[in-house]
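Just so it is clear: chains get the letters A, B, ... in the order the sequence lines come, proteins before strands, and each one is counted from 1.
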Amino acid sequence: MPELPEVETSRRGIEPYVVDQKIAGVRIRERRLRWPVDREIDDHLPGQIVTSVDRRAKYLLINTTGGTAILHLGMSGSVFIVDRDTPAGVHDHVDIELESGHALRLRDPRRFGSLHWSDDASNHWLLKDLGPEPLGDEFDGEYLWGRSRGRRVAVKQFIMNAGIVVGVGNIYASESLFLAGINPKRAAGRIALPRYEALADAIRTVLQKSIRAGGTTLRDFYGGDGEPGNFRQELQVYDRADDPCRHCDQPITAIVQGQRATYYCKRCQT
DNA sequence: CTAAGGACCTGTCGGC
DNA sequence: TGCCGACAGGTCCTTA
């Protein structure tokens, strides 16, 4: 489900309820996520004070005085605030209970998400090899160009590789390439610097716009405030197969790359 | 090293 | 109406 804008929307939604709160307890109803929920979560989290809620790539980092809970939402996960006694649904796997009487609830039907504990999150095995944040300073066209030399993989798969740049998922990869006018099938190593500059700009623009709109709700994404994201209406190509291109009226083309759907305009993207 | 495919899960939707 | 396959916002692991 969530790409960077949806995770960021979730982060902003839960932050005011969680920061400065003491964790009263943790209720784990289903431990079998992508990886079993770290046992250390049960032992270390209760009693901690939350100091901040950060995001790295698509991970939510719940920082406390004694360590960090590292939460990933996978394909179908969401986090939201409930009153502590709110009955749990079938896929509500974890509650982090707060002394305020609220609880941070993790729901994840497909269980591709994860929950780890670390006292040095940036060196955690899930995080240590990630590429730069697309909205950060080290990410630009020159960086992408440099990393892409000699690579034959399609540029769409290249920008979805978290070792290259984080946070660009299946929706925003298609959207960014449309905005930059680049054919998603083009080999990453055969794209010149100026086009990578356009692409880096496009990635930043698309992600920022989506964050401003509260993310993209295709079916079941709701931010921490319970509201769906509004960016769906602004999608140019994603999920628009056979619909007219918003620039040239040509029908949008759908293909499959790396077992994922890709959408693009054959006329506008070369 | 790179690239491609499989694996992990449940829910929903379209077609027959 | 009911069943069945295809597909879904992610990403690690294995294999070549």
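Annotation: Gln250(A), atom CD; neighbour count of heavy atoms from other residues, nucleotides and ligands within 6.0 Å is above 12. The 12-atom threshold is exceeded at CZ of Arg149(A), counting heavy atoms of other residues, nucleotides or ligands nearer than 6.0 Å.
Taking CD1 of Ile62(A) as the start and CD1 of Ile23(A) as the end, the distance is 7.0 Å to the nearest 0.5 Å.
Here the P atom of nucleotide dC8(B) and the CG atom of Asp108(A) are 16 Å apart, to the nearest Å. Atom pair Tyr59(A):OH and dG9(C):P shows a separation of 18 Å (rounding to whole Å applied). Between the CD atom of Gln259(A) and the C1' atom of dA8(C) there is a distance of 14 Å, rounded to whole Å. One atom, CZ of Arg149(A), and another, C1' of dC1(B), lie 17 Å apart when rounded to the nearest Å. As rounded to whole Å, 13 Å separates atom P of dC12(C) from atom CD1 of Ile164(A). Spacing between atom NZ of Lys156(A) and atom P of dA3(B) amounts to 16 Å, rounded to whole angstrom units. Rounded to whole Å, atom C1' of dG9(C) lies 7 Å from atom CZ of Arg260(A).
If you check every strand for non-hydrogen atoms under 4.0 Å, Phe158(A) touches nothing. Ala261(A) comes within 4.0 angstrom of the backbone, heavy atoms only, and of no base. Among the heavy atoms of the strands, none lies under 4.0 Å from Phe231(A).
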Dot-bracket line, read 5' to 3' along DNA chain C, where crossing pairs take [ ] and | marks a partner on another strand, Watson-Crick or G-U under 3.5 Å: .|||||||.|||||||
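Of the candidate nucleotides dG9(C), dC12(C), dA4(B), dC12(C) has the atom nearest to the side chain of Trp35(A). Listed nucleotides: dA8(C), dA4(B), dG10(C). Nearest to the side chain of Tyr238(A): dA8(C).
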Nucleotide-resolved protein contact map, nucleotides 9-16 of chain B, B/S/- at heavy-atom distance under 4.0 Å: BBS-----
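Remark: the Thr253(A) side chain and the Lys266(A) side chain contain no N/O donor-acceptor pair separated by less than 3.5 Å.
At least one side-chain nitrogen or oxygen of Arg151(A) sits closer than 4.0 Å to the OP1 or OP2 atom of dT2(B).
Using a 30° and 60° split on the angle between ring planes, Phe231(A) and Tyr172(A) fall in the tilted class, from 30° to 60°. Ring-plane geometry between His247(A) and Phe178(A) is classed as tilted, the angle between the planes lying from 30 to 60 degrees on a 0 to 90 degree scale.
Of the residues near DNA chain B, Gly258(A) and Arg147(A), the one whose nearest nucleotide (by heavy atom distance) lies more toward the 5' end is Arg147(A).
Ion pairing between a basic and an acidic side chain is recognised when a charged N comes within 4.0 Å of a carboxylate O; Arg12(A) and Glu15(A) show no such pairing.
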